[in-house]
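All remarks here apply to the structure that follows.
Here the structure is a predicted model, which is why all the values come from computation and not from measurement. Every chain is numbered from 1 and lettered A, B, ... according to where its sequence line falls, protein lines coming before strand lines.
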Amino acid sequence: MPELPEVEVVRRGLAGWVTGRTIAAAEVLHPRAVRRHVAGAGDFAGRLAGRTVAAPRRRGKYLWLPLAEDGGPAEAVLAHLGMSGQLLVGDPGREREKHLRVRALFDDGGHDLRFVDQRTFGHLMLTEMVPDPFGAGLVPAPISHIAADPLEDAFDEEAFIGALRRKRTGIKRALLDQSLISGVGNIYADEALWRARLHWARPSDSLTRAEAARVLEAAREVMGAALAVGGTSFDSLYVNVNGESGYFERSLEAYGRRGEPCRRCGTPIHREEFMNRSSYSCPTCQKRPRRV
DNA sequence: ATACCTCCCTGTGTGC
DNA sequence: TGCACACAGGGAGGTA
């Protein structure tokens, strides 16, 4: 499942293939893939034709391709991969993937760009850019409300720690709240909490400053480590732009390890249901708080 | 306002 | 063998 490291791997992969190239035509094969583009699939495809793509950018789990100025307002193609979205580049003549949703052809006749998405939680849209509330130039309007992610310069560590400790919720819910910190999903939330030795239900307003800083640092470290090896391909639905899996699954300490021994203390890892999904933790290293 | 719940999707794996 | 169902989960949108 693509979270920050996986999306960053895709961004880097795309950069070498699409930057500076001009889209000749775009084709929407499944309208759900552009459901958030309110003007519709025809408008989306039509307005992409003839536009030149600048270097891909990312914030949290969102990726966007800025489009070169065409006299109108600054625009970008915004992408969210959801659970199973893939952005792939390759020979335009190759076979169509079963879950191909959107395809862009370039005017040089070279590699095309495809959006493939089995579970259709991902989406693409063409959107205007607005000034970044965190001062990093322009960002796509629909994501101007999300926080910076912990791997970008615009991330304000002190502001995050303060907001986290003021919030009245559980630490994991806070880590997954994209308006507080972006880019962290279920896998890296569990991994960061394991590293910081904190239980997911720990009230965020009970965290000491040191604990809050510790879980943030853990999130940074684990996402950085995952990025360095191409991300986590837990269920093989995440691949880079060339269709290759990442290698971080073997380094996961908590996520998906139900019943397997904690590599710190040997206690079997617990799986609990939380927010209609799974939370994995070590019952010895990560003590459940008394009040929940 | 904040906190938290439901719903949208489809392929895979498991149990009967 | 085939069917039913649990499971994976980000974020929009709703309720209290």
Side-chain angles (χ1 to χ4, degrees), chain A residues 1-8 10 28-38 58-64 78-87 97-102 115-125 127 139-147 149 162-193 200-206 219 223 231-239 245-246 248-249 252 254-259 269-280 291-292:
Chain A
M1 295 132 242
E3 301 180 26
L4 187 157
E6 292 75 35
V7 179
E8 176 62 13
V10 171
V28 176
L29 296 106
H30 195 306
R32 188 173 151 77
V34 294
R35 65 194 176 283
R36 294 196 58 210
H37 185 83
V38 288
R58 181 192 58 75
R59 167 164 283 171
K61 303 172 202 171
Y62 283 92
L63 171 70
W64 66 92
L78 178 64
H80 193 295
L81 302 179
M83 294 178 67
S84 55
Q86 305 174 345
L87 284 167
E97 295 80 359
K98 184 175 178 190
H99 301 293
L100 179 61
R101 308 303 189 194
V102 178
F115 179 61
V116 174
D117 188 12
Q118 178 200 104
R119 296 177 194 164
T120 71
F121 274 40
H123 62 92
L124 304 182
M125 65 191 299
T127 180
V139 294
I143 66 162
S144 62
H145 67 288
I146 76 168
D149 68 61
L164 178 64
R165 298 180 65 214
R166 280 191 300 274
K167 215 154 178 67
R168 297 181 55 81
T169 189
I171 175 66
K172 182 167 177 182
R173 206 184 281 275
L175 287 174
L176 297 176
D177 181 347
Q178 304 296 299
S179 69
L180 213 53
I181 179 173
S182 67
V184 182
N186 201 39
I187 295 176
Y188 296 110
D190 279 3
E191 293 301 305
L193 290 168
W200 54 264
R202 176 73 181 275
S204 56
D205 62 357
S206 78
M223 291 197 293
T232 302
S233 299
F234 190 76
D235 58 8
S236 78
L237 284 176
Y238 159 71
V239 292
S245 293
F248 198 67
E249 189 200 335
L252 296 176
Y255 185 86
R257 297 193 66 236
R258 170 165 45 176
I269 296 290
H270 267 202
R271 174 190 176 274
E272 297 164 279
E273 199 162 296
F274 170 68
M275 289 174 80
N276 285 327
R277 59 206 61 179
S278 296
S279 271
Y280 298 91
R291 79 181 166 91
V292 179

Using whole Å, what does the distance between atom [atom2] of nucleotide [N] and atom [atom1] of [X] come to?
| X | N | atom1 | atom2 | result |
| --- | --- | --- | --- | --- |
| A:Leu63 | C:dG10 | CG | C1' | 16 Å |
| A:Asn186 | C:dG11 | CG | P | 12 Å |
| A:His123 | C:dG10 | NE2 | P | 13 Å |
| A:Leu180 | C:dG10 | CG | P | 16 Å |
| A:Asp190 | C:dA8 | CG | P | 11 Å |
| A:Asp117 | C:dA8 | CG | P | 18 Å |

| query | Should A:His80 be listed as having a side-chain N or O under 4.0 Å from OP1 or OP2 of C:dG11? | reply | yes
| Can a side chain N or O of A:Gln178 be found less than 4.0 Å away from OP1 or OP2 on C:dG11? | yes
In Å, rounded to the nearest 0.5 Å, how long is the span from [atom1] of [X] to [atom2] of [Y]?
| X | Y | atom1 | atom2 | result |
| --- | --- | --- | --- | --- |
| A:Asn186 | A:Phe274 | CG | CZ | 9.0 Å |
| A:Glu273 | A:Ser278 | CD | OG | 7.0 Å |
| A:Tyr188 | A:Phe248 | OH | CZ | 6.0 Å |

| field | Evaluation steps, side-chain hydrogen bond (donor to acceptor under 3.5 Å, both in side chains), between A:Ser182 and A:Tyr62 | value | CA-CA 9 Å; A:Ser182 67; A:Tyr62 283 92; over 6 Å; no
For [X], enumerate each residue passing the salt bridge (charged side-chain N to carboxylate O under 4.0 Å, His left out) test, keeping only those at least two apart in sequence or located in another chain.
| X | answer |
| --- | --- |
| A:Arg101 | none |
| A:Lys61 | none |
| A:Arg257 | A:Glu260 |
| A:Asp190 | A:Lys172 |

| query | To 10°, what angle do the rotation axes through the five end pairs on each side of the helix from B:dT2-C:dA16 to B:dC16-C:dG2 form? | reply | 50°
| What is the per-nucleotide protein-contact pattern of nucleotides 2-11 of chain B, from the 5' end, where B denotes a base atom under 4.0 Å from a protein heavy atom, S denotes such proximity for sugar-phosphate atoms only, and - denotes neither? | -SSSB-BBBS
| request: Give one of base, sugar-phosphate or nothing for A:Tyr62, where a contact means two heavy atoms less than 4.0 Å apart. | output: sugar-phosphate
| request: Could you check whether A:Ser84 gets within reach of a base, just the sugar-phosphate, or nothing at all, counting any heavy atom under 4.0 Å? | output: nothing
| query | How far apart are the C-alpha atoms of A:Met275 and A:Leu176, what are their side-chain angles, what is the distance that settles it, and do they pass the side-chain contact (heavy atoms from CB on, under 4.5 Å) test? | reply | CA-CA 11 Å; A:Met275 289 174 80; A:Leu176 297 176; 4.0 Å; yes
| query | If each of A:Glu273 and A:Pro2 is mapped to the nucleotide of DNA chain C with the nearest heavy atom, which maps nearer the 5' terminus, i.e. the 5' end? | reply | A:Glu273
